[in-house]
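Residue numbers start at 1 and run along the sequence shown. This one's a predicted model, so the numbers in the text were calculated from it and none came from an experiment.
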Amino acid sequence: MMAGILVLLALVVGTVGLSSLVASNLLGSREQGSSSEARSAAEAGIDEIIATWNQPQNRKLLVSGQAMNTWAGSTTTLQSPCVTTDGTATRPGGTGQPTTQAKSFGDGEFRDVENPTKVNTGTRQFALVRVVYSAGPAGNTNRRAISVASTKTGGVTTVGPSFTGNFSDLINLDDPDGTGAALPGSNGGFITVEVQGRVMRGGTPVATATVTREFEVLPKCCGASFGSNAAANLGSDKRACGVEFGLITGINGGTHFSYWANDRFTTVNKANQVVNITSMIGIVNKGETTFDRANWRVSPNSKSVNSTTLGTPSDASWWANINCAQCGSASDKLGRSISGIPIIPGTIALPTIGSETTAGNYYYTWSANGWAAATIASNYNIPNNALTNTSTTTATVAANVFNPNPLMRLQSTGTTWRFTFRTNTPTTPTAVDRPRVEVCTLATCTSTSWENVSDDRIADNFDAGTYSGNSGNTNVTPATAQWLHPATSTVLGPWVEVDPVGPSQDTTAGKVRIVTTTAFGASSNALRIGDGTKTTNNAMSVSRGINLSGFETSGPRLKFQAIATGFDSTPVPETITVQASSNGTTWANIGTITTASANTARTYVTSPIPSANVGANTRIRFINTTDLDAGDTVTIDNIQLAPRGGVNSFCEYTTTSPQTVLPGFHCIGTIFDLDSGGSVRMDTTGGPISFYYSQTGDIRGSTFADPLMSADNNATIQHFRCTTLSDNCTTPIPDSDPYSDVGVPDRLNFFGRDNGSLTGTPGQQFITIGAAGSVTGKISRAWFYFPWGNLRLISEGCSTGVDPPGFATDPNNWSINGRIWVSSFRPCGAFHFRIPPSSSVGLSAAFSTGFNPDYVQWTGVDWVARAVSSSRNYDD
């Protein structure tokens with residue numbers, strides 16, 4: 001019996017043990033499954049996070065270097081740098097900001113694997129615990145030299161060399177000035193994500209696991225796949241991306257030469273961040289695929305630092321023996337890049353200059369009877385440039401009056417002389433207060449310092465062959481201003497002659513008549529006083545009435561051209577006197593034509609007409625106030641009077657150009673001679689302004705010795721705009737201010753000829769601009785369009801190895817800011833060139849052939865995480 005009981009107890013105990021063992025094994029198996037499931041959740045979480053961050057608008061999170069707990073409130077620091085070339089926001093219809101979901105991973109909350117938008121729900125969950133960004137300094141082969149780590153509860157921890165700035169700059173397409181050719185993709189990086197997964201049962205975690213995985217992060221051009229810019233190691237996409245249309249060289253077979261390539265090219269992206277230019281365009285002849293020195297696309301010269309010639313590109317040593325330390329990378333020396341920025345060969349055709357009203361053209365058609373049109377004729381059609389701006393007046397023009405010579409040269413010296421151009425568009429224009437361009441030559445301008453250089457005019461060029469001619473503007477203001485009959489003062493009237501021998505008012509006979517002459521250029525009609533026979537004083541005159549009511553009483557001056565033939569000082573100096581009167585009875589002298597100008601065509605500017613004689617019936621008169629000997633005559637042409645005294649006007653105003661949404665001012669291009677320092681200030685508060693050097697016969701600036709524009713000795717050409725009109729506006733236009741689209745005139749433009757083979761005209765127009773890199777703002781917010789121009793930029797005198805203060809560290813310490821489309825481009829020295837964004841709306845209208853199909857129509861650099869390089873799993 002006892003034995004049986006013992007056996008029974010043994011069986012019971014064995015059964016209980018077996019049951020416990022089975023239960024234990026089942027529990028262990030269940031726990032092991034949960035742990036595996038937790039690891040699976042972590043793996044799935046990593047895949048979800050990287051897949052989300054790889055989406056175009058979220059890719060800045062792959063390289064942000066920002067603390068996880070700041071992502072939710074971050075704006076510009078996480079904004080994508082990708083911008084379409086049509087100028088729209090990053091990614092069509094977007095803002096460039098990461099999605100809420102992409103940023104939410106930084107809060108460290110557990111999310112449902114099946115639906116990551118849900119927090120703390122589901123049976124399988126994951127949470128981002130830690131992220132590590134790794135890269136290296138530009139050009140460093142160790143792409144883990146610098147690591148920045150952040151956890152869900154803490155800030156960032158940096159390991160390795162200290163780094164300031166945007167971490168994304170370490171993972172980019174730029175190949176800095178180093179030893180190799182420009183190869184995009186050389187500066188990659190890594191991102192390591194640590195994710196915790198867990199399994200929930202009845203609201204309680206039953207298993208957790210943490211997985212750490214590292215991904216390679218590679219830069220790529222926005223809108224392109226791997227391999228863009230011919231980086232074969234990253235894939236097969238060969239399209240050029242990030243092409244910069246703000247700087248185009250090599251137009252019309254020109255050259256690009258950067259002898260000492262220690263320069264810098266930047267732009268400001270949509271996030272208002274200063275970034276390096278990715279590439280620029282060098283136009284090549286049809287069929288060519290290179291833009292390099294060996295193929296004569298660049299013409300260097302071992303002595304070209306101070307050379308005034310381009311040299312002969314057939315001398316191969318000029319490009320093969322460039323070995324100085326400041327010459328840049330191997331690619332720089334070959335001419336394929338500038339400071340590591342690839343020069344992308346392009347075959348685009350720039351537009352042909354035509355009418356301003358045609359989209360994409362950069363030539364202005366002057367008004368039929370506008371002052372500027374007459375200025376062009378008088379400047380360029382006088383044989384041997386005989387015409388000068390010498391004035392033989394009875395009074396000296398006020399010191400602040402802008403009074404250019406026929407070459408229209410602005411000379412500025414240190415702080416002694418400076419010029420300010422101002423566009424003035426009244427809020428409510430009136431007959432007198434019209435939109436205009438004004439010039440002040442004082443260091444500090446006042447309301448009385450401004451000279452109007454865009455006046456309408458009352459004029460007569462005698463081309464009609466009658467005494468009733470009127471060649472002034474059709475929009476002369478006030479509307480009643482016109483030539484009047486001296487007797488009636490109510491209707492358009494003729495010149496009235498006093499002729500001692502000829503029939504009254506006969507334009508073809510007598511001592512006063514209209515003749516045909518070439519004295520002032522092309523054959524045209526002019527007024528002549530004297531017939532070659534002796535005439536006693538005050539015997540001949542010609543006068544005309546002008547309605548000047550509403551004009552400024554302190555300013556109107558008469559301007560005309562004249563040539564005195566046979567004048568001498570024997571027995572007394574012969575004189576023709578210019579007079580003004582308010583009633584035709586009492587006359588005031590305002591100028592004289594004397595022996596000083598005998599036999600030479602000259603331009604005369606009279607003294608201001610006395611205020612007492614400025615009114616509704618002002619008269620002007622030319623009269624011989626001395627005897628004229630036999631053979632003495634005076635021929636007069638191009639008589640004009642500016643209502644507000646702007647007798648040197650060379651600008652015009654239109655309501656819609658150069659920008660379609662703003663009024664525009666157009667000026668004949670002046671010579672900017674700033675070799676001795678000084679300042680030219682451009683205030684475009686009143687609207688855009690364009691300077692034209694595109695006149696067919698304009699042969700100025702044909703050598704480096706006398707260029708169209710030169711700025712040296714810290715001279716500046718600055719661009720300002722204020723909220724309201726100011727006498728001394730000093731508000732720079734910020735980089736954030738929108739530029740016009742590429743190919744569309746902007747607020748400040750300089751337009752050159754589009755023809756280099758004009759008869760008697762040198763092929764190129766030269767511009768030399770010197771700048772000190774330590775002085776900000778040499779030339780700002782300007783567009784230089786010189787398809788037959790040679791632009792030479794000299795920084796710090798091209799001194800060897802100069803590193804101006806802040807050159808590499810201060811993003812706003814630029815030397816020149818604007819767009820440049822030129823034939824030949826020659827930067828020298830430490831130049832920081834700020835180029836505006838190349839929004840390309842309507843670019844197909846600007847270029848004859850539109851976009852090159854090999855261009856990716858995005859700007860900027862983004863990134864992609866790919867290829868797991870290592871992975872480590874462990875249980876919590």
Would you confirm whether Thr535, through its side chain, and Thr533, through its main-chain N or O, come within 3.5 Å as a donor-acceptor pair? yes
May I ask you to test the Thr565-Asn599 pair for a side-chain heavy-atom distance under 4.5 Å? yes
For the backbone of Ile623 and the side chain of Ser541, can you confirm whether one donor and one acceptor N or O come within less than 3.5 Å of each other? no
Please examine the side chains of Asp673 and Ser710, heavy atoms only from C-beta on, and report whether any two atoms are closer than 4.5 Å. yes
Within the distance-only criterion (no hydrogens, no angle test), does the side chain of Thr575 pair as donor or acceptor with the backbone N or O of Thr625 below 3.5 angstrom? no
To the nearest 0.5 Å, tell me how far Thr606 OG1 sits from Leu558 CG. 5.0 Å
What closest approach, in Å, do Gln505 and Pro494 show between heavy atoms, and which atom pair accounts for it? NE2-CG, 4.4 Å
Report yes or no: do Asp727 and Trp450 form a side-chain donor-acceptor pair below 3.5 Å? yes
Any side-chain to backbone donor/acceptor pair from Gln765 onto Tyr693? Under 3.5 Å, distance only. yes
Any side-chain donor-acceptor pair under 3.5 Å between Tyr467 and Glu497? yes
Side chains of Ile609 and Leu641: closer than 4.5 Å at any heavy-atom pair? yes
CZ (Arg721) and CZ (Arg747) are apart, to the nearest 0.5 Å, by 4.0 Å
Are any side-chain N or O atoms of Thr685 and backbone N or O atoms of Cys722, one a donor and one an acceptor, separated by less than 3.5 Å? yes
Side chain to side chain contact (heavy atoms under 4.5 Å, CB included) between Arg781 and Leu748, intermediate numbers included: CA-CA 7 Å; Arg781 298 302 300 267; Leu748 177 59; 5.8 Å; no
Using 0.5 Å steps for rounding, measure from the NE2 atom of His719 to the CD1 atom of Ile689. 9.0 Å
What are the two closest heavy atoms between Ile668 and Phe691, and how far apart are they? O-CD2, 4.2 Å
Suppose the criterion is ring-ring contact (aromatic ring centres under 6.0 Å, His included): which pairs have a residue in residues 607-634, not counting sequence neighbours? Phe560-Phe622
Okay, side chain of Ser471, backbone of Asp460: is any donor-acceptor separation there less than 3.5 Å? yes
Taking the inter-plane angle between the rings of Phe650 and Phe421 on a 0 to 90° scale, is it parallel (under 30°), tilted (30 to 60°) or perpendicular (over 60°)? perpendicular
Can Arg544 and Ile639 be said to form a side chain to side chain contact (heavy atoms under 4.5 Å, CB included), step by step? CA-CA 11 Å; Arg544 199 171 187 183; Ile639 297 173; over 6 Å; no
Side-chain heavy-atom pair Ile546, Trp483 within 4.5 angstrom cut-off: yes
Is there a donor-acceptor contact under 3.5 Å linking the side chains of Arg621 and Ser543? no
Contact summary for Val512 and Val498, nearest pair of heavy atoms: CG2-O, 3.8 Å
When you compare the side chain of Asn617 with that of Arg619, does any pair of heavy atoms fall below 4.5 Å? yes
Quick one: does any side-chain atom of Asn461 pair with a main-chain N or O of Asn638 as donor and acceptor, under 3.5 Å? no
What's the shortest heavy-atom distance between Phe567 and Thr633, and which atoms? CE1-O, 3.9 Å
Drop me the distance from Thr517's OG1 to Phe462's CZ, to the nearest 0.5 angstrom. 12.5 Å
So, taking the atom named CD1 in Ile529 and the one named CG in Leu628, what distance separates them when rounded to the nearest 0.5 Å? 9.0 Å
Between Leu725 and Arg422, does the side chain to side chain contact (heavy atoms under 4.5 Å, CB included) criterion hold? Intermediate values first, please. CA-CA 9 Å; Leu725 195 68; Arg422 180 176 77 175; 3.5 Å; yes
Could you go through Phe720 and Cys729, starting from their C-alpha distance and side-chain angles, then the distance that decides it, and tell me whether this counts as side chain to side chain contact (heavy atoms under 4.5 Å, CB included)? CA-CA 7 Å; Phe720 304 119; Cys729 176; 3.8 Å; yes
4.5 Å side-chain heavy-atom contact, Arg513 and Thr507: no
Return yes if a side-chain donor-acceptor contact under 3.5 Å exists between Thr446 and Thr448, otherwise no. yes
Compare all side-chain heavy atoms of Ile767 with those of Phe750 and state whether any distance is below 4.5 angstrom. no
Are the side chain of Arg528 and the backbone N or O of Gly530 linked by a donor-acceptor pair below 3.5 Å? yes
Any non-hydrogen side-chain atom of Pro435 less than 4.5 Å from a side-chain atom of Phe665? yes
Option among Thr594, Asn537, Asn589, Asn538 that satisfies the side chain to side chain contact (heavy atoms under 4.5 Å, CB included) test with Thr577: Asn589
In terms of side-chain heavy atoms, does Asn728 have a donor or acceptor partner in Ser726 at a distance below 3.5 Å? no
Can you give me the closest heavy-atom contact between Cys445 and Leu442, atom names plus distance? SG-O, 3.8 Å
Hey, what do you get for OG1 (Thr423) to CD (Glu438), rounding to the nearest 0.5 Å? 9.0 Å
Closest approach of Ala464 to Asn525 (non-hydrogen atoms, all atoms of both residues): C-ND2, 4.5 Å
Are the side chain of Asn624 and the backbone of Thr626 linked by a donor-acceptor contact shorter than 3.5 Å? yes
Flag, side chain of Ser690 to backbone of His666, donor-acceptor distance under 3.5 Å: no
